[in-house]
Protein chains: 2
Amino acid sequence: MYSLAEENYIKAIFHLQQQKKGAVSTNAIADSMETKASSATDMVQKLADKKVLSYVKYKGAQLTQEGRKTATTIIRKHRLWEVFLVDKLKFHWDEVHEIAEQLEHIHSTELIKRLDNFLGNPAFDPHGDPIPDEHGNFIKTEKKLLSQLKKTQFGVCVGVKESSPEYLQYLDKKKISIGTKINVLGKEFFDGSMVIEVGRDQFFISKKIAENLYVQTQ
Amino acid sequence: MYSLAEENYIKAIFHLQQQKKGAVSTNAIADSMETKASSATDMVQKLADKKVLSYVKYKGAQLTQEGRKTATTIIRKHRLWEVFLVDKLKFHWDEVHEIAEQLEHIHSTELIKRLDNFLGNPAFDPHGDPIPDEHGNFIKTEKKLLSQLKKTQFGVCVGVKESSPEYLQYLDKKKISIGTKINVLGKEFFDGSMVIEVGRDQFFISKKIAENLYVQTQ
DNA sequence: CATATTTTTTAGTCTAGACTAAAAAATATG
DNA sequence: CATATTTTTTAGTCTAGACTAAAAAATATG
């Protein structure tokens, strides 16, 4: 069982490792934790003693298997709670981060097992990020424009490139929002138009629509 | 905003004050917090500086209005989360305390407002204890034997006096468990028998049944 | 009611996790 | 490649909240 501070460092280091491969510097950790480099060094040394990460002086830190397991468990909890807050308590997806930052530290494997079930074992959080399974396996995702998908592929809406009221209202009308799953049923080479499926609806969209919507894919 | 330790002390002092009126001793606080008297004295002095409680050396501590408000908010959160764990996640009522001890410290008034709504604004937790409203008002309850209730009164089952398998199986058959609301529809003076309502069922019970069931009343 | 006993507080430490300032190592540059 | 600059670590403090041991106050008792 790790302390609150330890858990937050482990999570931050995991996210930094995702961004660029290799060891992460204590300075980068300090920046992301909004603390001083000396504090980060202290903590990294402590976590190295606990075998959560390997650390070479002046070279940086890298999570061990144990560290990655801990990190993904925290991320799993964070994202499941976000689904709860949005799906069940009807929070808007941009209001939930701070609360989930607290909830992710609740310790109880049984709780998370039951919460996951209660929510219908969701694969993505309300921001479109994948929820790791209980073994820490992520669905590998990549952010693309909807227009880059091919026929039969699918993506989860994670944002827009253009944000004019007209465009957002169009998306709203078509019930497309962050987290919405979009299946590409057909694609026309001639003009880049697509037939997509959203929920139970199937409809036609122009290239212009498709190239302004970001989706996350497996 | 109070620290985790501060919140736990405030809650403990509130519960001690419920038990017997007047100031609570630092020793009593230390016992209930499973810490040493010197630690309790330190914390009580700190909380007195913060106007959470009044403290007279060697005499003990008493929560202020502010302290009581903080305590009831924590208790409200604890009990609402217990309802969530039992009603929604299907935990058994005796498994939820430890998890609720953690969840009660999540800070977000909006969260609690929405959770309360999501749960249908429950008045009691799964143990039959009343959930204070957002102003900290409790429904005043008292633990009685079901046999002590009069016609038209009601109580929430909080425990049994006798716990033989036969009795528990009878209760189970009649769908009476901790947290079950029981309305007294009629009572016979001659033999102390009653007609009660449990959920949508109405049925007759003998005096012997009624005097072995504890209920909490308003 | 003086003294013994119990309760409570005070004084002094310890640890986790933050900080500042200085030292040391790594990297960049003429 | 020697030196200047940047990055990173070390040494020394600080605070919250725990602890032990001793002191002080309150209470019990002959």
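Labels below follow one simple rule: chain letters A, B, ... track the order of the sequence lines, proteins then strands, and each chain is numbered from 1.
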- Can you give the dot-bracket line for DNA chain D, where a pair is Watson-Crick or G-U wobble with both atom distances under 3.5 Å, crossing pairs use [ ], and | marks a partner on another strand? ||||||||||||||||||||||||||||||
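Residue Tyr58(A) contributes atom OH, which lies 9 Å from atom P of dA24(C) at whole-angstrom precision. Rounding to whole angstrom units, OH of residue Tyr2(B) and P of dA16(D) are separated by 15 Å. Atom CG of Leu4(B) is separated from atom C1' of dT15(D) by 17 Å (rounded to the nearest Å). In this structure, Asp42(A) atom CG and dC14(D) atom P are separated by 16 Å, rounded to whole Å. dT27(D) atom P lies 15 Å from atom NZ of Lys57(B), rounded to whole Å. For the pair Tyr9(B) OH and dA16(D) C1', the interatomic distance rounds to 11 Å; values are reported in whole Å. Following rounding to the nearest Å, Asn8(A) (CG) and dA16(C) (P) show an atom-to-atom distance of 17 Å. Spacing between atom CG of Asp49(A) and atom P of dA16(C) amounts to 11 Å, rounded to whole angstrom units.
His97(A) and His78(A) have tilted rings, their planes meeting at an angle from 30° to 60° on a 0 to 90° scale.
Lys59(A) has no side-chain polar atom (N or O) that falls below the 4.0 Å cut-off from OP1 or OP2 of dA25(C). Put simply, Thr41(A) has a side-chain N or O that comes within less than 4.0 Å of OP1 or OP2 on dT9(D). For dC19(D), one of the phosphate oxygens OP1 or OP2 lies less than 4.0 angstrom from a side-chain nitrogen or oxygen of Ser39(B).
Proximity of a side-chain donor or acceptor of Gln17(A) to a complementary backbone N or O of Phe14(A) within less than 3.5 Å is not detected.
Across all strands, Ser38(A) comes closer than 4.0 Å to base atoms (heavy-atom distances).
Here the side chain of Ala5(B) is nearest to one of dA18(D), dT10(C), dT9(D), namely dA18(D).
Salt bridge annotation for Glu104(A)-Arg79(A): absent, with no cationic side-chain nitrogen under 4.0 angstrom from a carboxylate oxygen. Taking a cutoff of 4.0 Å between a charged side-chain nitrogen and a carboxylate oxygen, Lys11(B) and Glu101(B) qualify as a salt bridge. A salt bridge is defined here as a Lys NZ or Arg NE, NH1 or NH2 lying under 4.0 Å from an Asp or Glu carboxylate O, and Glu66(B) with Lys50(B) fails to meet this definition.
Closest approach of Val160(A) to Tyr167(A), counting heavy atoms only: CG1-CE2, 3.9 Å.
Contact of Ser25(B) with dT8(C) (side chain to base): no donor-acceptor pair of N or O atoms is detected under 3.5 Å.
In this structure, Phe91(A) has its ring center at least 6.0 angstrom away from the ring center of Phe84(A).
Within residues 26-37 of chain B, the residues having any heavy atom under 4.0 Å from DNA chain C are, by residue number, Thr26(B), Asn27(B), Ala37(B).
Residue Arg76(A) is tested with Asp129(A), Asp116(A), Asp125(A) for a salt bridge (Lys or Arg N to Asp or Glu O under 4.0 Å); the sole match is Asp116(A).
In this structure the side chain of Val215(B) never reaches within 4.5 angstrom of the side chain of Lys143(B), judged on heavy atoms.
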